[in-house]
Amino acid sequence: MTTVQREAWAVLLILLLAGGAAYAHATTTTEEFSRYNVGWNGTSNLAAEEVRDLRGLDPGATLLILAPDRPFTAEEVGYLRTFLDAGGHLIVADEEGAANGLLADLGSTIRVRPGNLASLKRDHTDPGLFTVQVVGNSTLFAGIETVRVNRPAAVEGGEPLLETSILTWDDADGDGRIGGKETFGTAVVCAREGNLTVLGDASLFVNAMLAENPKFIENIQPVLVDGAHSRTGTENLLINAVAWVRETPAAAAAFAALAVLPVAWHFGRKRDD
C-alpha cells in the first residue's frame, strides 16, 4: 500500500469515526416516551412497529396509542372505529387524561382520571411503584397474576382488568405518606370494552419498566404504535431530519455520496501530485 493510499484510508477512518459520533449524538434525546431516548424513560427498547396512517389497519393487529399528545380528527376516529369493528385490538395507555376525548368519540364509557396513586403493597421504597392484581379475563394478562405499575392513574368505566389493593391512596401532596384528607381504597387502573383496552399507566412501556412485566410485554406482541399521536416521537428537528434521510433512499444515497467526496478528492489530488 502506497503512502497516498494509507493517507486516504486514514482520512476515511477519521471521517467515519467523526460521523458515527455525530450520528449517535444527533439521534438521541431525553424526551419521555420517545423511541429516540435510550434512557430509562424512553421507549427505544420497546419492540414495536410505528404507523402514522390509521387507514386500512390490519384487523388482526394490536395498536398501541401511548401517552397521546395530539388530537384525532373525525376521519382518524372513523378509521379506529372501523379497526375495532373488524376485530382489531386497541390499547390506549394514558395517565394524564389526554385520551378522554378520543374515548368519548369512540363511544366508550371509559375515562382516565389523573392522579398520583400510591400504595403500601410494594417491594420498593417508592410508594408509587407497586403491584396491582389482575382481576379480569383478557389475553393481554394471560398467565399473569400481578403487574407492577409506576404512579398510575385511575380508570373508570368498562370491565376492570387491573385493580390496586385496598392499601392504595391518591397521594395528592406527593409526600409518600397517607395523611390529611387522603384515604385508603381500591382503584381500577386498567379496563376494557370489547377490543378496546385503556391502561392508566403509560410508563409500563418505557425502558426501565419493560423488565418489570416481561410476560405482559410478550402478550401484546406483535404490536403497532400510533406514531402520529403518541409521544414516541421527538420535537428535535435534527433527529427528525436524520430520520427522514434514513427513511428516504434517494436522500440517503445522496448523503453517502457527499461523505465519500472528500476522500475521493484527497486521493485524486495526491495521485495528480
Side-chain angles (χ1 to χ4, degrees), residues 33 35 40-51 57-67 80 83-95 99 103 108-110 112 117-124 126-168 185-226 230 232:
F33 301 115
R35 66 185 181 278
W40 73 270
N41 61 345
T43 56
S44 60
N45 295 330
L46 176 63
E49 179 185 347
E50 183 185 66
V51 295
L57 290 170
D58 181 355
T62 296
L63 177 67
L64 170 64
I65 300 175
L66 179 58
L80 291 176
F83 173 66
L84 287 168
D85 291 342
H89 289 80
L90 177 62
I91 304 173
V92 178
D94 172 39
E95 54 203 47
L103 295 174
S108 172
T109 63
I110 303 176
V112 177
L117 292 181
S119 178
L120 296 182
K121 189 177 181 181
R122 63 184 191 270
D123 49 14
H124 290 70
D126 183 355
L129 188 64
F130 56 93
T131 57
V132 295
Q133 191 74 26
V134 176
V135 295
N137 183 19
S138 170
T139 55
L140 295 180
F141 302 109
I144 303 173
E145 294 183 357
T146 62
V147 172
R148 180 166 287 122
V149 293
N150 182 22
R151 298 192 179 278
V155 173
E156 298 177 352
E159 174 194 349
L161 295 180
L162 295 178
E163 189 175 77
T164 72
S165 78
I166 198 171
L167 299 177
T168 303
T186 60
V188 173
V189 296
C190 182
R192 76 171 181 181
E193 285 179 339
N195 293 338
L196 169 65
T197 301
V198 180
L199 179 61
D201 187 2
S203 68
L204 286 189
F205 302 96
V206 302
N207 296 331
M209 292 293 290
L210 295 180
E212 300 288 347
N213 302 292
K215 182 62 176 174
F216 168 66
I217 298 300
E218 178 186 337
N219 285 351
I220 68 172
Q221 297 296 335
V223 64
L224 305 175
V225 173
D226 171 20
S230 301
T232 51

message: Is it true that, when you exclude Leu120 itself, more than 12 heavy atoms of the residues, nucleotides or ligands shown sit nearer than 6.0 Å to its CG?
response: yes
- line: NE2 (His89) and CD1 (Ile220) are apart, to the nearest 0.5 Å, by 12.5 Å
message: I need the Phe205 CZ to Ile217 CD1 distance, nearest 0.5 Å.
response: 5.5 Å
- prompt: Does some side-chain heavy atom of Lys121 sit less than 4.5 Å from a side-chain heavy atom of Thr164?
  reply: no
query: Do the side chain of Thr43 and the main chain of Phe33 share a donor and acceptor less than 3.5 angstrom apart?
result: yes
- prompt: How about Leu117 and Phe130: do any of their side-chain heavy atoms sit closer than 4.5 Å?
  reply: yes
- request: Please report the C-alpha distance between Leu204 and Leu199 in whole Å, then the side-chain angles of each, then the deciding distance to 0.1 Å, and finally whether the side chain to side chain contact (heavy atoms under 4.5 Å, CB included) criterion is met.
  value: CA-CA 9 Å; Leu204 286 189; Leu199 179 61; 3.5 Å; yes
message: If you compare all heavy atoms of Ser119 against all heavy atoms of Ser165, which two are closest, and at what distance to 0.1 Å?
response: OG-OG, 3.7 Å
message: Using the rule given for side chain to side chain contact (heavy atoms under 4.5 Å, CB included), can you reason through Ile65 versus Leu80, listing the C-alpha separation, both sets of side-chain angles and the distance that settles it, and then say yes or no?
response: CA-CA 11 Å; Ile65 300 175; Leu80 291 176; 4.2 Å; yes
query: Which atom pair, heavy atoms only, marks the closest approach of Ala47 to Val223?
result: O-CG1, 3.7 Å
- request: Give a yes or no answer on whether the side chain of Glu49 reaches the backbone of Leu224 with a donor-acceptor pair at less than 3.5 Å.
  value: no
field: Pair Glu95-Ser203, side-chain donor/acceptor within less than 3.5 Å
entry: no
message: Checking the side chain of Asn45 only, and the main-chain atoms of Asn207 only, is there a donor and an acceptor separated by less than 3.5 Å?
response: no
message: Return the OG1 to CG distance between Thr232 and Leu46, rounded to the nearest 0.5 Å.
response: 9.0 Å
task: List the atom of Val206, the atom of Asn41, and the distance in Å for their closest heavy-atom pair.
output: CG1-O, 3.6 Å
field: Reported CG-to-CZ distance for the pair Leu167 and Arg122, which is rounded to 0.5 angstrom
entry: 10.0 Å
query: Any donor and acceptor pair, going by atom type alone, linking the side chain of Ser230 with main-chain N or O of Asp226 inside 3.5 Å?
result: yes
field: Criterion side chain to side chain contact (heavy atoms under 4.5 Å, CB included) on Thr62 and Ile91, from CA distance to verdict
entry: CA-CA 7 Å; Thr62 296; Ile91 304 173; 3.8 Å; yes
- prompt: Checking Ser108 side chain against Ile110 main chain: does a donor-acceptor pair fall under 3.5 Å?
  reply: yes
field: Distance in Å, Thr186 OG1 paired with Glu163 CD, rounded so as to fall on 0.5 Å steps
entry: 4.5 Å
- request: Rounded to the nearest 0.5 Å, what's the gap from CG on Leu162 to CZ on Phe216? Could you check?
  value: 8.0 Å
Extract all donor-acceptor atom pairs below 3.5 Å that involve side chains of residues 149-160 and protein atoms in other chains or at least two apart in sequence.
from   : atom 1 : to     : atom 2 : distance (Å)
Arg151 : NH1    : Asn116 : OD1    : 2.9
Arg151 : NH2    : Asp126 : OD1    : 3.0
Glu156 : OE1    : Arg113 : NE     : 2.9
Glu159 : OE1    : Arg192 : NE     : 3.1

- request: Start with the C-alpha distance between Val92 and Leu196, add both sets of side-chain angles, then the distance that settles side chain to side chain contact (heavy atoms under 4.5 Å, CB included), and finish with yes or no.
  value: CA-CA 8 Å; Val92 178; Leu196 169 65; 4.0 Å; yes
- prompt: Just wondering, do Leu161 and Thr197 contact through their side chains at under 4.5 Å, heavy atoms?
  reply: yes
Between side-chain atoms of residues 132-146 and protein atoms elsewhere (two or more places apart, or another chain), which donor-acceptor pairs fall under 3.5 Å?
from   : atom 1 : to     : atom 2 : distance (Å)
Gln133 : NE2    : Glu145 : O      : 3.4
Ser138 : OG     : Leu140 : N      : 3.2

- line: Residue pairs passing the salt bridge (charged side-chain N to carboxylate O under 4.0 Å, His left out) test with at least one member in residues 198-225, sequence neighbours excluded, are Arg148-Glu212, Lys215-Glu218
